[in-house]
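Have a look at the structure below before the remarks.
Given the structure is predicted, the values throughout are model-derived calculations rather than measurements. In what follows, chains carry the letters A, B, and so on, assigned in the order in which the sequence lines appear, proteins first and then strands, with residues in each chain numbered from 1.
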Number of protein chains: 2
Amino acid sequence: MGNVTIKLLAERLNVSTATISKALCDSHEISEQTKQKVLELARELNYIPNAYASSLRRNRSQTIAVLIPEVADSFFSLALNGIEEVALQRGYHTLIYMTHEKLEREKAILKELSGGRVDGVIMSVTAETDSFEHIHNFSRQLPVVFFDRVCPDLNTAKITTNDFECGYLATKHLIEAGCRKIVLLAVSNSLSIMSERSMGFNKAIKDFDLNENDCRIVYCGEDAVYNYQLIKELMQGTNRPDGILATVEKLTTEIYLACNHLSINIPRQVKVVCFSNQASAVILNPSLTTITQPAFEMGKTAATALLKALKNNSLVLAEESMVIPSALNIRSSTSVAVQTY
Amino acid sequence: MGNVTIKLLAERLNVSTATISKALCDSHEISEQTKQKVLELARELNYIPNAYASSLRRNRSQTIAVLIPEVADSFFSLALNGIEEVALQRGYHTLIYMTHEKLEREKAILKELSGGRVDGVIMSVTAETDSFEHIHNFSRQLPVVFFDRVCPDLNTAKITTNDFECGYLATKHLIEAGCRKIVLLAVSNSLSIMSERSMGFNKAIKDFDLNENDCRIVYCGEDAVYNYQLIKELMQGTNRPDGILATVEKLTTEIYLACNHLSINIPRQVKVVCFSNQASAVILNPSLTTITQPAFEMGKTAATALLKALKNNSLVLAEESMVIPSALNIRSSTSVAVQTY
DNA sequence: AAAATTTACGTAAACGATTAAGTTAACTGT
DNA sequence: ACAGTTAACTTAATCGTTTACGTAAATTTT
């Protein structure tokens, strides 16, 4: 559609395309006069640089990719928000890919991206990701920053939260609230965050001398109905827990529904803590005690680290790793005295 | 870093780059033998096409952009999910931009995108968008599909839900539950969805002969604290409403908190309906009556419409417009008999 | 068997921007 | 005044693919 290019500007002003190009990026080789003229004409004709021509030539796409398991989760939504904010502000574009917890998707996406479509990647691995060769290979070509769910044996920036401590703290909180039979609900045994949280959980169980047979880890799945059944069975079993520590936000609904259906009172009969960033935690009945992760901050930090590396043309940026602490928000779902709100 | 390109493949096989290129896209001009050889070598050397070279040459980026106000909202999250699903499946990439309800951002992003970075755009306008010239101009260059918040006077595909009816239905439901003083909480007076919902609201008020002075529209803002105060004042005012219809999900928290703080019982003293896709609606206290929009479906439909247009090189695709109905989920926040769950 | 067509390639010019290297002309210092 | 420098450009190659067009051999047609 006869787009206005650098060539057209050059013809109109009787200069070379080189001059236009340099004028547009404010090169010192160009006089102020010509710069003015170029800028003016560019504005007049509404010149917009062709991103692909530029990317091809400079081998820089000004684009980053974000790989997350899903977006229908407050944590990832907020993190994406943080990432996009920093990226846009620095003139970068953000490609979004959802792996839906499928390792195959992760592999396929990374492979395609290594063609040069992006300058770098920010990712949180899938729950299935138990081998890391594909990520290793990829990271030799392009900078990768991990957030939350990291790839352990890779020497790059990892933006995480204090999962171990939170696992410990949440468990300790449950114990101090009187729980003796605590179940940790997990979703994967390969995820870094899961093992961290579990280790914190286990340590608390030991430190406080709880019966290790009463305190176990139960693995949930991706399907809400399945999880609902699982939790119901758990709560109907012979050794019913009096404390639940859920490691993913989406289990909240299933826990509340299951307990409600079985007429098990939270927090009287079972106390609940959830790793969750849901705004609605505060208006649940009872309001939910949560570990809230600094999702937005983590996203911003990850993006900042990546863009810094891009600026410096460096691949490895392990020193940019950061642990941003989460917060334990104590609410009614773990209160000792019975109350509704 | 010495990437493997078509040129390299050509040298290795002693053919021209044209042959490689054609072989890779399975052209009939190339013999099966050579195709095999090319494919094999490509796999062996892990050839990945350079997206930008291809985009530049073909003037096609295989990329779409999604402009949404925010992602920390169940509706937009789910819609994005649907869009990305369709896009990925068809080999398209998805750029995400959040406007944060700022018209200026919307303008700036669209301007940059018109440089050719994407083949088309799927968007939901900001709450500030009250003039549409920038969108008009843009849509002359690239295909645009709207979802949810549409640009009224533009002849293109619009994927919406039955906002008018839902406004009517929700209001009717409140009236039938006994409400006589209903307030609609809005966030903008320019948004298509808001006017649709308000019109439905107003029609129901008229149809059922409610006092129009007792039933009004109150405009909320972007700030949660401000909204909380606003709702508290509303509930403390002389003419306290006995029914609230909230048009955006995020107001739920403020409504519940305000009522809780003022010890106003939902649903006994005030009944609440919310346009919301939050999964937690069902576990709130009381569980929340919602209008849930078919967010994921809308996203998928919007993406499908756009990709269809891209295939046909068409700009206008008004005939792809679609209205996918929302559902009214009646729960305890509007029940006549008092109950907690 | 000559002409026409098809098959299977190769040549080279794009796409639009960037940039190393070259070219003037003007200016600087001694 | 003359070598050396600087300012302000231009030329042309380049990024990696795609594709219109050219071509030679093989095949088919008549």
Rounded to the nearest angstrom, tell me the gap between atom [atom1] in [X] and atom [atom2] in [N].
{"X": "B:L56", "N": "D:dT17", "atom1": "CG", "atom2": "P", "answer": "12 Å"}
{"X": "A:Q62", "N": "C:dA17", "atom1": "CD", "atom2": "P", "answer": "15 Å"}
{"X": "A:R60", "N": "D:dG16", "atom1": "CZ", "atom2": "P", "answer": "16 Å"}
{"X": "A:N3", "N": "C:dA17", "atom1": "CG", "atom2": "C1'", "answer": "14 Å"}
{"X": "A:R117", "N": "D:dT17", "atom1": "CZ", "atom2": "P", "answer": "13 Å"}
{"X": "B:L24", "N": "D:dG16", "atom1": "CG", "atom2": "P", "answer": "15 Å"}
{"X": "A:N59", "N": "D:dC15", "atom1": "CG", "atom2": "P", "answer": "10 Å"}
{"X": "A:R58", "N": "D:dG16", "atom1": "CZ", "atom2": "P", "answer": "15 Å"}

Establish, from distance only, whether the side-chain atoms of A:E112 and B:H93 form a donor-acceptor pair under 3.5 Å.
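Per modelled atom types, A:E112 and B:H93 side chains form a pair under 3.5 Å.
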DNA chain C-proximal residues of residues 36-55 of chain B, any heavy atom under 4.0 Å
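Heavy-atom cutoff 4.0 Å gives no residues at all.
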Where at least one partner belongs to [range], residue pairs that pass salt bridge (Lys or Arg N to Asp or Glu O under 4.0 Å), sequence neighbours excluded:
{"range": "residues 114-132 of chain A", "answer": "A:K102-A:E128"}
{"range": "residues 305-314 of chain B", "answer": "B:K308-B:E320"}
{"range": "residues 147-157 of chain B", "answer": "B:E101-B:R149"}
{"range": "residues 3-26 of chain B", "answer": "B:K22-B:E29, B:D26-B:K35"}

Using ring-ring contact (aromatic ring centres under 6.0 Å, His included) as the criterion, list what pairs up with B:F146, not counting sequence neighbours.
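Testing B:F146 for ring-ring contact (aromatic ring centres under 6.0 Å, His included), a comparison that skips the adjacent residues, returns none.
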Protein-to-nucleotide contact annotation, 5' to 3' order, nucleotides 6-13 of chain C [B base; S sugar-phosphate only; - none; under 4.0 Å, heavy atom]:
--BBBB-B
Which residue pairs satisfy the ring pair (Phe, Tyr, Trp, His ring centres under 6.0 Å) criterion with at least one member in residues 22-61 of chain B, sequence neighbours excluded?
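Matches after skipping sequence neighbours: A:Y52-B:Y52.
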Working to the nearest 0.5 Å, report the span between CG of B:N46 and CG of B:N3.
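Answer rounded to 0.5 Å: 9.5 Å.
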Those residues that, when tested against A:T126, pass side-chain hydrogen bond (donor to acceptor under 3.5 Å, both in side chains) (two or more places apart)
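Once residues adjacent in sequence are excluded, the partners of A:T126 under the side-chain hydrogen bond (donor to acceptor under 3.5 Å, both in side chains) criterion are A:T129.
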